[in-house]
Amino acid sequence: MTATDSSTATRPDGETERYEMLIGGGWKASSDGATFNSINPFDAQPWAQVPAATTADIDEAVGAARRAFDKGPWAQSTPLQRATLLRKFGDLIRDNADELARIQVLENGKLIREVHGQTLALANHCYFFAGVAESPTGETLASSVPNMQVFTVREPIGVVAAITPWNSPLALLMWKLCPALAAGNTVVIKPSEITPVSTLVLARIAQQAGFPDGVINVVTGAGPAGAALAAHPGVDKIAFTGSTAVGKKIAVTAAERLARVSLELGGKSPNIVFPDADLPNAINGVISGIFAATGQTCMAGSRVLVHADIYDQFAKDLVERTAQIKLGNPLDPATEMGTVACQSQFDKVLHYIEVAKEDGATLATGGSRPSDPELSRGLFVQPTVFTHVTNEMRIAQEEVFGPVAVVIKFTDEDDAVRIANDTSFGLAAGVWTRDVARALRMVKRLRAGSVWVNNYRKTNHVAPFGGFKESGLGRENGFHAIEEYTEVKTVWIDTGNTITDPFNPRA
């Protein structure tokens with residue numbers, strides 16, 4: 001079965017679906033015939049086979065994107081035409097939301113109860129950026145130079161490489177794809193090798209929406225394919241979501257040819273609970289902040305900072321609630337936490353649990369595979385809480401990207417800010433308090449790209465998202481996103497038609 005067929009997220013036992021890459025409007029196998037399997041982390045079974053792109057495939061995809069950008073219908077497209085296609089794309093995403101959601105669950109073990117709503121919301125990104133495409137983006141400037149009319153226009157950068165992760169493969173792709181298309185760029189997508197199928201099916205839907213050949217291309221493969229795409233001289237802009245270590249390498253690669261780059265990277269975000277907070281609500285927010293998506297989100301509130309006056313009781317309540325979280329089949333709406341996405345990530349999470357024990361943290365709950373034999377084939381890690389953690393411990397400084405929370409004690413606002421900011425990351429933070437003045441003080445002092453007050457882990461297409469420090473460069477979502485996919489051109493028009501002094505052009 002290829003991605004041009006009416007693929008579904010269900011498969012008969014033993015059947016492996018076959019998919020192809022989208023390059024220049026055609027569905028193609030790898031040039032050398034190499035493939036790899038997509039593995040369902042719930043049952044450890046391969047369910048789909050995907051091409052492993054070669055450098056020749058990547059070169060072909062970039063060439064197709066360049067041709068579509070330089071000539072043809074897309075090169076001459078108007079904002080209205082791009083907006084119309086985006087709206088049609090959004091409508092088709094809503095029509096195919098069940099399929100797209102179930103495929104993502106098969107790929108990475110995320111809960112259907114979360115993924116389905118997230119997938120429906122992808123249409124809103126299309127609708128929002130359709131509006132952005134039609135919105136004025138230039139400025140008329142009040143120049144001090146006589147007889148000059150000065151204004152700016154925004155133009156597309158060119159060919160965009162969108163390199164996406166496995167934890168929210170379609171959401172984090174659409175954060176890049178929608179503004180790139182709204183601005184008039186063409187795109188070559190390289191999804192994670194863990195979750196390639198959902199992106200291929202989304203590309204089929206984009207074809208159905210009517211995007212011209214070469215505007216959207218998808219190449220599949222592991223890290224070397226992404227590195228080859230980032231290094232390709234025909235790529236004008238790289239948009240990457242993933243680890244800070246890989247993001248730094250991409251930044252170096254881009255710098256060698258001064259390609260534009262936006263990076264949404266790692267986090268070790270604090271979730272700060274004051275004594276005056278609505279504590280049951282805060283417990284729920286902390287649970288959601290770290291155990292939703294099995295902790296596999298860059299914004300995960302993995303460091304739970306709790307005031308000394310309530311530390312013992314809050315930690316006790318958190319541990320009791322965490323121990324009740326129901327693990328199970330991610331496709332079952334009753335399941336509260338699914339699997340880790342792949343074997344390497346599973347091994348990494350268990351490694352960090354051992355590191356925390358060795359460093360002296362107290363394992364309060366979880367910390368291993370579940371004992372339920374019905375879950376034995378899946379990549380499950382029990383939701384885990386460590387108490388008596390100090391901020392210099394590795395478990396408090398390094399991104400685990402799994403269902404592991406650490407509870408750290410603080411004494412006052414200054415101490416909370418010191419601990420919260422004492423990390424190389426700066427992606428997000430949460431504050432739980434009924435004191436509005438305190439909330440505003442904390443928002444101002446926390447070095448993070450997003451701060452939630454009395455809630456956690458909320459995002460929306462209208463709200464910019466990105467990080468400080470080693471959590472990345474640039475912003476996704478909102479009107480700020482269009483700035484990441486456009487160049488600013490300044491235009492000077494002489495309305496006086498007279499050069500009075502050729503050696504003083506400002507006269």
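Count residues from 1 along the sequence.
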Side-chain donor-acceptor contact under 3.5 Å, Ser198 with Glu107:
yes

Check Lys176 with Glu484, please: is the shortest side-chain N to carboxylate O separation under 4.0 Å?
no

Work out which heavy atom in Leu265 is nearest to a heavy atom in Leu427; give both atom names and the distance.
O-CD2, 4.1 Å

From Asn477 atom CG to Phe465 atom CZ, the distance as rounded to the nearest 0.5 Å
8.5 Å

Salt bridge present between Lys28 and Glu60 (N-O < 4.0 angstrom):
yes

Rounded to the nearest 0.5 Å, what separates atom CD in Glu264 from atom OG1 in Thr164?
12.0 Å

Which heavy atom of Asn217 sits nearest to which heavy atom of Ala65, and what is that distance?
ND2-CB, 3.7 Å

Are Glu99 and Arg94 close enough, and set up right, to give a salt bridge (charged side-chain N to carboxylate O under 4.0 Å, His left out), and what steps lead you there?
CA-CA 10 Å; Glu99 176 187 10; Arg94 294 189 69 86; over 6 Å; no

So CH2 of Trp452 and OG of Ser450: to nearest 0.5 Å the spacing works out to 5.0 Å

Using a 6.0 Å cut-off, check whether atom NE2 of His116 has over 12 heavy atoms from anything other than its own residue.
yes

Can you name the closest pair of heavy atoms from Pro191 and Thr199 and give their distance?
CB-OG1, 3.6 Å

Taking the side chain as every heavy atom from C-beta outward, state whether Gln343 and Asp347 have any pair of such atoms under 4.5 Å apart.
yes

With no hydrogens and no angle check, do the side chains of Gln104 and Thr119 hold a donor and an acceptor under 3.5 Å apart?
yes

Under a 4.0 Å threshold between the charged nitrogen and the carboxylate oxygen, would Glu399 count as salt-bridged to Arg303?
no

Given Asp372 and Lys326, is the salt bridge (charged side-chain N to carboxylate O under 4.0 Å, His left out) satisfied, shown in steps?
CA-CA 11 Å; Asp372 186 344; Lys326 180 181 177 181; over 6 Å; no

So is Lys237 actually on top of Tyr485's ring, under 6.0 Å and inside 45° of the axis?
yes

Please check if atom CD in Gln324 has more than 12 non-hydrogen atoms from other residues, nucleotides or ligands closer than 6.0 Å.
yes

Is Asn271 reaching over with its side chain to a backbone N or O of Gly301, donor-acceptor style, under 3.5 angstrom?
no

Strictly distance-based, threshold 3.5 Å: is any side-chain N or O of Asn185 a donor or acceptor partner for the main-chain N or O of Ile157?
yes

Flag side-chain contact, heavy atom, 4.5 Å: Phe291 against Val385
yes

Closest heavy-atom pair, Gly158 versus Asp236, reported as atoms and distance to 0.1 Å, is CA-OD2, 3.3 Å

Glu17 versus Tyr19, side-chain donor and acceptor atoms under 3.5 Å:
yes

Are any side-chain N or O atoms of Gln208 and backbone N or O atoms of Leu92, one a donor and one an acceptor, separated by less than 3.5 Å?
no

Is there a donor in the side chain of Asn281 and an acceptor in the side chain of Trp432, or the other way round, less than 3.5 Å apart?
no

As a quick check of understanding, evaluate side chain to side chain donor-acceptor pair (under 3.5 Å) for Asn284 and Tyr456, giving each step before the final call.
CA-CA 10 Å; Asn284 286 334; Tyr456 200 88; over 6 Å; no

Could you pull out the closest heavy-atom pair between Met299 and Ala428, with the gap in Å?
CB-CB, 4.3 Å

Under the side chain to side chain contact (heavy atoms under 4.5 Å, CB included) criterion, do Leu202 and Leu100 qualify, and how do the steps go?
CA-CA 7 Å; Leu202 186 75; Leu100 291 169; 4.2 Å; yes

Is there a side chain to side chain donor-acceptor pair (under 3.5 Å) between Gln382 and Ser368 once you walk through the steps?
CA-CA 6 Å; Gln382 294 172 323; Ser368 63; 3.1 Å; yes

State yes or no: are the ring centers of Phe69 and Trp74 separated by less than 6.0 Å?
no

At their closest point, which heavy atom of Gly267 faces which heavy atom of Ser471, and how far apart are they?
CA-OG, 4.1 Å

Run the ring pair (Phe, Tyr, Trp, His ring centres under 6.0 Å) test on Trp166 and Phe401 for me, step by step, so that the C-alpha distance in whole Å, both residues' side-chain angles and the decisive distance to 0.1 Å come before the verdict.
CA-CA 12 Å; Trp166 45 259; Phe401 219 68; 5.4 Å; yes

Determine, stepwise, if the pair Thr186 / Val160 fulfils side chain to side chain contact (heavy atoms under 4.5 Å, CB included).
CA-CA 6 Å; Thr186 57; Val160 174; over 6 Å; no

Should we say atom NZ of Lys458 is surrounded by more than 12 heavy atoms from elsewhere, each under 6.0 Å from it?
no

So, Asp57 and Thr54: side-chain donor and acceptor under 3.5 Å apart, yes or no?
yes

Nearest-0.5 Å distance that lies between atom OG in Ser31 and atom CD1 in Ile23
8.5 Å

Looking just at side-chain N and O atoms, do Thr423 and Lys469 make a donor-acceptor pair shorter than 3.5 Å?
no

For Lys110 and Ser168, what are the C-alpha separation, side-chain angles and deciding distance, and is it a side chain to side chain donor-acceptor pair (under 3.5 Å)?
CA-CA 9 Å; Lys110 203 169 182 177; Ser168 293; 2.5 Å; yes

Run the ring pair (Phe, Tyr, Trp, His ring centres under 6.0 Å) test on Phe211 and Phe89 for me, step by step, so that the C-alpha distance in whole Å, both residues' side-chain angles and the decisive distance to 0.1 Å come before the verdict.
CA-CA 9 Å; Phe211 286 95; Phe89 191 21; 5.8 Å; yes

Are the side chains of Leu177 and Phe129 in contact, using a 4.5 Å heavy-atom criterion?
no

Is any side-chain heavy atom of Ile112 less than 4.5 Å from a side-chain heavy atom of Arg102?
yes

Working to the nearest 0.5 angstrom, can you tell me the gap between Glu20 CD and Thr220 OG1?
10.0 Å

Rounding to 0.5 Å, atoms CD1 (Ile189) and CG (Leu173) come to a distance of 4.5 Å

Pair Val400-Lys268, side chain to side chain contact (heavy atoms under 4.5 Å, CB included): steps then yes or no
CA-CA 9 Å; Val400 177; Lys268 196 69 181 177; 3.9 Å; yes

Answer whether the closest heavy-atom distance between the side chains of Ile287 and Arg321 falls below 4.5 Å.
yes

Any luck finding a side-chain donor-acceptor pair between Thr16 and Trp47 under 3.5 Å?
no

pair Val235-His232: side-chain heavy atoms closer than 4.5 Å:
yes

If you define the side chain from C-beta out and look only at heavy atoms, does anything of Thr35 sit under 4.5 Å from Val50?
no

Find out whether Glu476 and Thr241 are in side-chain contact, i.e. whether some heavy atom of one side chain is under 4.5 Å from a heavy atom of the other.
yes

Would you check if the side chain of Ser30 reaches a backbone N or O of Ala52 as a donor-acceptor pair within less than 3.5 Å?
yes

